Each structure stands twice: as structure tokens, then as C-alpha cells.
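All values derive from a computational prediction rather than experimental measurement.
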Amino acid sequence: LARQLAYVSLMRGLKELDINCSSVPCDLVLSGDHAFPLAMNSHGQVLMAASIYGRGKIVVLAHETYLSTLPALVENAVTWLRGNGSDNLSVGVQKDLKAVATNLSKSSFQVEVVGTFSDNPEVGVYVTDAYNVGEDPKDLVAFLKAGGGVLIGGQAWHWASEHPKKNTILDFPGNKVSGVAGIYFFTDYGKIEILHVHPQIPSSWKALKVRKNFKDDLEFLLEGVSEFDIRGDAVASEILVHGPLAFPIGTTEDGRPFLAGTYYGKGRVIVVSHEAFLQKETLASFWNNALNWLDQDRKGVVGVVPNLDVFPMSGLQCEKTEFRKDLSVFVCTAYSDEHLEEIQDFVAEGGGLVIGGHAWYWAHNHSGQNSMADFSGNRILNKMGLSLLPATISEGSYKAPVPSQAVKDTLHFRSLLRRFAAHVIQGKELTKHEEEHLRKLGMECASFLKMKAYDTFNYTQVLSILTDILKKTGMPQVSEKNPVKSPKDHLLLSLGTALYNVSPDPDALLPYLFKHNPIPFVYNQRIKININTADVKEWLSTGLYLSPGMKTEMILPAEIVNKRWKIQIGCQTDYLDAEELKRAPSVHASFPITAMKMQVGNLWGGLIYLVAPPDVKVEGAEIIVQIAMPAPYYKSGESADWSSLRTAPSPWAELEFDNIVLTVPSDVVQDLERPDEVADLWNGIMKGVADLAVIPRKFTRKERIVADVQISAGWMHSGYPIMMHSSIAAELVKPGDARIKGLWGETHELGHNQQRDCWEFRPHTTEATCNLWSVYVHEEVLGVNRAQAHPSMTPTSRRTTTYLQLQEKFGWDAFKKVFAAYHEMSNFPSDNQGKMNLYAETFSQTVGMNLAGFFKAWGWPIATTTEEKLSNLPPWCDHPMVQYN
């Protein structure tokens, strides 16, 4: 809003800007937080811009002629630059701009023509061309930072042609002032035309350019460097390269950066995505080059934070120190944002910065938080055009890029996004190579949007362009019958979700995302909370559903506010990473409960849950959901008119029994007349699971099974919830079939959830011991013989199964006694050999027989000490593996 108000003030009374003259402007490059365009031509080139630095303001015109030919704009600019209610009407005008002084004298300003800024530093506003800012413009920068106003005009293409070996971004005189505020005069010619003045700040997809080829920078940085060896234990993050002056340096073979650089203000930055790489001998040559690149020939002091070990260096003085303004280069980690603004100003005014660190561990430890916006390293780096992502980089040795070919369109977020925008908006064909990278671009767009940097023009411009793209294309209506396969559709599906989550007006997007049908609602539904959790979180079903994009208000009791409780919308928490998608990759949303009244919603809709944290007890509390859809929801022991509820309009249904909740597509239950019979089936199954595990028949947390159109791994997988494919969901609610055909997969996954590390020998037993529950439940509960329950349970196949050989000899009671014994133990071995010996000893003592020979025949590493402990027990001489002893 402040930026838009500034734009309106600067362009007041202007309908067009006629620059259709012989003066050829340059293109302006905008970066940082505060720079924004005032005028943009049809090619997306910025020819006039404004920004803020410190407490001051600056307006930049892409040719000095405009200072005299656009007097109304200049008067508006000087008025805005004074700003802040200042009564200082004094305006200093550099002596080569006398026509400007003459124009301004006709207004209320007190105009003084000066040779340089230092002739009268007491002015409120200083007007100059871009060529006469002085050899050392530090005073002018300090004036700007302290609250002064600067109006500067010029072009850099002519200067660049006369100084071909100079770095225009850093060395062009005007950039030594305007650059600190994120506006740079650049070398490209600007197209001359009459510029229309828009009511809003101008924006264009054509402005999405990488504004430098970085060939010279990479030649300097990669001198003597042929590869980046990052092999070892350090797990690095991926870097998102998104700024107009940012560039990748080291990438994996598929183009994911782990080392990158950028210009920021008058300074430079290098980011490496693990701090351990700062001390790798294999990268020493690069770091020496990098420090000199950052130092910019000052031969100054490199300051390194005290807790950081760094590369061996030569040629520059290095000190262990906290941040100081007098350093030439500062080296720190990404794990602290202390001195955040001081560090950003330090770089903007010419300092060099190295940041090392990763974001994946922070993201892992801050579930539900936004690493793009909240992680300390990104709070420093985002405005510089680089960000650390939770995604990780595989170790390896990666070839250094060829400087002349390094910044390819597919490696830089802005370049590929510009090509995709041209494809959508103008119909320009993409190359096969570009198409292959569209899925990656979708993930980068989603990451970029999470910055939520609404006060930054570069962010809002990309947000606006992506919104325009989605409105033009629509979002793929992904489903089982209409799967998403192409990289373009992957991108658009990802984009729809990401945009909805950050859009200032998400409801306006909904018509482009879904086709809605009228649906019945219920209002002000009251739901009781009675919960006593153990050491794990637990979902509480509400029996209510939100349709895609729908929002609702929830009234929440004070006793669960700011107490780690959450609201969750959606039962499918699996994240999908697949070439073919039958639903969006992530379709649930989670909201920490931070107030007694909250509005919640989810683009993809979903069942509404409360998520209770571990170790809490709440009885008799009540929540109110103001508007939602009823779902087919049956809960054992609670009266409800199931005959009408089973046809409720939600696409999801839930059946909640004593120890398990089944979540299935609602068409699975529409013809289910006797949910009590299904309850009897699953209550029996869960009692069987508990009995074998020797745990109370009342589970500390009910298990959950969710049947979805697509899951993250396998046909089913364990966890909370257990996930299975919806195509077989009907078998969950057919007790008769279950007692004939069995439910092997479901009981297999329930068995996985009962496995305990102390008697598991991963990876050897991962898919074995869980089947003890499958066999037990089928025989003891369902009445299905093991040979009929699964093809691998025939007598012949069972001979190759260690645990079933033990069961057939000693029975189920032996296993129950063993599991019970483990419940009483502590201080378990952590290695497989120690755990296997403990198991062999425990089972032997339980059955009163020395089983060392049996386990040794299976190849278990039974120790001599274990054999000695069991030597007083009678040996199992006729075990089925005796031939292998």
C-alpha cells in the first residue's frame, strides 16, 4: 500500500510521458526490497524508478534529458523526495543541469546550483546526473540514508562502451549512489516510445530477465577450479536463485544449485548451502577466488564469526570476530539473523558477505512453519535474490560450469519463468529442454511464493505474473480419470495450490481452480472434546467437511489456545512425488490454534480435524464450527441417524470404532446398512492386535486407515494414518468377505505399527515380524487358516520363515511372553548383533529351551557369551534348520 501511494504521488496529474526524442535511455535494473518502477515500456524495460534507502528516498530516470523535458514529473519527484513533512525547501541542483534549476525555480522550492553535493550538504533534495556524483560519493549515500532525497538521471550504455573492462553494476558513477537503493543503470538500450501512465505500478512478464551474463564474474571465481567436491557426511540444501542479479555457481547435474552468488547494492554475496563446505580443502582454490571477488581490491579485513571454522586463505587478513562495519568481507552461518539490517546495509554500501548453512534441518524441526520467510538465513538473503530451501542436495563431485554457458535459461528461476510466460501469453513454443524443466519451475514458484514478501516489488511482480498465467490456463482438474502427467500440468497444479495460499484475494482465483456445484451446509455445529493423549499426537474427527476453497469460522475453548493444538483440513497427509498424479501432491492444511476464533480453509477441501498434542487431557470442552458440510460419520456408542447420514454430501466418510478409524470415499458406505457389524469386525481385529502385542485392549491412540486414490509408497503403507488405495476400500466394510478372504494387507500394516526397534533387526526383519500379526489375526480372530490367508503362508513357503518356525513349535503364547518381557526391559542394545543376541536369549529363557543352535543355523551372530548363558537349558535338537548346523 505504501508503495502504491508513493507511485500515485509521483505520477499525480500525468497521463503519459513523452520520451519519443533523440535521447536514448538505458534499461534500469531493480533489486532489493524497496525499488519499484514508475515507467515501463512495451518491452518490459524500466525507464524510471523510485526507492527508499534508510530514511531517505531516491528517484532515478534512465536519461538525464528527462530531468529537463519532464518538468511536471520532476516537480512531483522533488515534492515526494522532501517527504516526511520536512520544511526544508532547499534543492541543490548540479551545475550541468541549469535547465532543471530554472524549471524548479518556478515552484515554491529554494533552488541552488552547486558544483557538487559537498558544496551544500544541507539541502533537502539533491538533483544530479549520473556522471557527476563525485569520485567518492559516500557523503551523498550518507545523506540519502539519513533522510535526504536524491533525484538522478543518466544512461550507462555509452559509459559502458567506453569502459569495456569495467563492471557497470559497481563502477558506473550513478550506480555508486542509486545501487544502494536497489536501482542500477544498465548497459541495454531502452526502447523509445510514449509511455502510458498506469493507475497501478506497471508490471510485465517481459521484465523477468537475468540482467547480467556473469561471464566475467565466473571467470574470476572459477580460476583454477574444475570441480566442486562436496562428498562427505554434510547434507546441503538446494538454493533458489531468484534475483535479477543472482547467479548459480555450483550445481548438481540436474541443475540444482548448492553454491551461488549475487550483487546487492554496491556489494557482493556468496552463499554455500552447508557451512562445512567453507573448510573443505577441495574447495580452497574457489574460496580464495571468492574472497578476492568479494573484497573488490580493497585488501581489507575478512571477519569470520568465532564459532565457524573456514577454509585456508591467502592474500587477505582474516580475523575471528562478530560483525563489524569496518570489515571488507564478513563470513557467517545461516543460523543467526543477529545484526540482520546492519549486515544488509553493510553489503548494500559495498561490503562482501559469505553465508554458509542449510535450511532442511530447521524446516524438519519447525514443522508447519515457513522456512522461506522465517528461517534466519533467508531473512538475510531473500531480498538479495537467493534463498535456502528445505530440499537437499546429494553428495558428489560436480563439474564447475563453463563461464560463457553458466547462466542457462533453465538454471535461473526468472529466465525460465519468462520463457514459460511467453509460452502461455504469446503462444511461443518451448524447447524440449525447457519443457523438461517445467516441473522443477513449478516447485521453485511454490518456494518463491512462500516468501510472502508483499512489500517487495520483485515479489509482487512475480505474484501478479503467475496469477495472470493461471487465469489464462486454468488449473488441471486432476483426478483418477484425468491424471496429471506432463511437466506443464505438474507446474500448473503446483502453481494453483501455491497461489491460492498466498494470494491477497484467494476467492477471486477459485473460478480458475475448480468448477463448484451448489452444496448443502450445516451451521453452528457443536462438537465435544474428550481426549487424554499419550506421548503422541492424535487426530479428533468432527464429522464435518469443507469443500475446495471453502472457509469456516471456528470458535475454540480457551484451554486449547496456544497449547500446541492444531486444526487440520484433510485426511490425506501423504506427499506425492510421482510422474503421474491422480491428485495434487499435497492436499491437507494445518493451522496452529492461536486464538479463540479462527478462520480456516484449504484449497483442496477436506474433513475437519482437531489435532491434539502429546500428553494432554481435556474433558467436556466444546468447539463450534460455523459452517461446513456434513460427512457420513459413524461412531460406535453414539446415537446418530445413520440411514440418512450415510448419504451426506461429503466425498469422504469415516467409521470410528473402539480402537480404529476408517476413512474412505463416501460411496463405499452409501449402501452400508449395518455399520455395527463392521464395528464388531474391527473391534475384534484390534483386540487381536493388542493381545499379541501384550498391550491394553484399549489403545492409547486409535489407529487410522485412510483410503486414497494415490499414496506415497506401495499398495499400502504403515504410519498414522495407515494409507491404502481407494480402489480396494470396500473390503474394509465387508465383514462376511473378511472372514472368508481375510484382510492381509491391512493387518500387515497394523503389524508394522506394532514393531519395536528393540526387537527389530532392520532391514532384515522389516517385512517379516509385522506378519506375525497378520497370521495371528487371521487365525485367531477371522478364522482364516494361514495357508489361505496369503500365498506365502503355504506349508512349503513357511519353512523359510524364522518366526513361523518358532510359532509352529512353541505357539502364540511364547511370542506374547517374549513381547511382555520386552515391555519390562530397558537399556536395549542399539546394534543388530546385540539385539539379535538379546532376542535369542529372551526367547530361549521364555520357552525354557536353548535355541542358540536354531538361530545360528539361520545365520544369526550368536555370541559365545549368549551360548554360555543358555547352556543350562535343554537344546532344541530337532529344529527345522538342523541340517544347516
Student: Would you call E841 and K869 a salt bridge, taking side-chain N to carboxylate O under 4.0 Å as the test?
Tutor: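 Between K869 and E841 there is a salt bridge, with a charged N closer than 4.0 Å to a carboxylate O.
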Student: So, the side chain of T842 versus the backbone of V818: is there a donor-acceptor pair under 3.5 Å, distance only?
Tutor: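 Here the side-chain-to-backbone pair does not exist.
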Student: Can you tell me if E703 and N753 form a side-chain donor-acceptor pair at under 3.5 Å?
Tutor: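 Result is yes, a qualifying pair exists.
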Student: Regarding E619 and K617, does a basic nitrogen lie under 4.0 Å from an acidic carboxylate oxygen?
Tutor: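 Yes.
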Student: Would you please say whether a donor-acceptor pair under 3.5 Å links the side chains of W860 and Q833?
Tutor: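 No.
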Student: Does E656 come within less than 4.0 Å of R704, counting only side-chain N to carboxylate O?
Tutor: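 Salt bridge between E656 and R704, a charged N being under 4.0 Å from a carboxylate O: no.
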Student: Is the number of heavy atoms from other residues, nucleotides or ligands within 6.0 Å of NZ (K816) greater than 12?
Tutor: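 Yes, NZ of K816 has more than 12 neighbouring heavy atoms, counting only those of other groups under 6.0 Å.
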Student: Given the rule in the side-chain hydrogen bond (donor to acceptor under 3.5 Å, both in side chains) test, do S541 and E654 qualify, once you have shown the distances and angles that lead to the verdict?
Tutor: CA-CA 8 Å; S541 300; E654 287 200 318; 2.6 Å; yes
Student: Does the pair E538/K702 count as a salt bridge with the N-to-O cut at 4.0 Å?
Tutor: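 Result for this pair is no, no salt bridge flagged.
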Student: Going by the angle between their ring planes, with limits at 30° and 60°, are H879 and F854 parallel, tilted or perpendicular?
Tutor: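 Answer is perpendicular, since the angle exceeds 60°.
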Student: Taking the inter-plane angle between the rings of W744 and H778 on a 0 to 90° scale, is it parallel (under 30°), tilted (30 to 60°) or perpendicular (over 60°)?
Tutor: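 Answer is tilted, since the angle falls between 30° and 60°.
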Student: State, with a plain yes or no, whether a side-chain heavy atom of F761 is found less than 4.5 Å away from one of Y839.
Tutor: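 Yes, close enough: below the 4.5 Å cut-off.
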Student: Is it the case that atom CZ in F828 sees more than 12 heavy atoms from other parts of the structure closer than 6.0 Å?
Tutor: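 Yes, enclosed.
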Student: Report the C-alpha separation of E760 and T765 in whole Å, then their side-chain angles, then the decisive distance to 0.1 Å, and conclude whether the side-chain hydrogen bond (donor to acceptor under 3.5 Å, both in side chains) test is met.
Tutor: CA-CA 6 Å; E760 270 294 290; T765 57; 3.1 Å; yes
Student: Return yes if some donor-acceptor pair links the side-chain N/O of N850 with the main-chain N/O of L870 below 3.5 Å, else return no.
Tutor: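 A pair under 3.5 Å: yes.
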Student: Would you mind checking if R697 and D691 are paired as a salt bridge, meaning a charged N to carboxylate O distance below 4.0 Å?
Tutor: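 Counted as a salt bridge, because a side-chain N and a carboxylate O are separated by less than 4.0 Å.
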Student: Quick one: does L655's side chain get under 4.5 Å of V669's, heavy atoms only?
Tutor: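 L655 vs V669: side chains touch.
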Student: Does the side chain of N771 come under 3.5 Å of the side chain of W773 through a donor N or O and an acceptor N or O?
Tutor: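 Per modelled atom types, N771 and W773 side chains form no pair under 3.5 Å.
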Student: Do the rings of H358 and H274 sit parallel, tilted or perpendicular, given the 30° and 60° boundaries?
Tutor: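 Taking H274 first and then H358, their aromatic rings sit tilted (interplane angle of 30° to 60°).
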Student: Treating R762 as the side-chain partner and N832 as the backbone partner, does any N or O pair qualify as donor plus acceptor under 3.5 Å?
Tutor: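 Not a single qualifying donor-acceptor pair exists.
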Student: Is it the case that atom CG in D233 sees more than 12 heavy atoms from other parts of the structure closer than 6.0 Å?
Tutor: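 Incorrect, the count does not exceed 12.
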Student: Testing H725, R583, K582 one by one against D708 for a side-chain hydrogen bond (donor to acceptor under 3.5 Å, both in side chains), which residue passes?
Tutor: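 Only one option passes, and that is R583.
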Student: For Y634, does the six-membered ring have the charged nitrogen or CZ of R646 within the cation-pi criterion, i.e. under 6.0 angstrom from the centroid and within 45° of the normal?
Tutor: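 No cation-pi geometry.
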Student: What residue among R756, H764, Q755 forms side-chain hydrogen bond (donor to acceptor under 3.5 Å, both in side chains) with T769?
Tutor: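 Of all the options given, the one that passes is Q755.
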Student: Is it true that a side-chain atom of T552 and a backbone atom of V625 form a donor plus acceptor pair closer than 3.5 Å?
Tutor: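 Not a single qualifying donor-acceptor pair exists.
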Student: Just checking, any donor-acceptor pair under 3.5 angstrom between side chains of Y822 and K817?
Tutor: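 No pair is found: no donor N or O on one side chain lies under 3.5 Å from an acceptor on the other.
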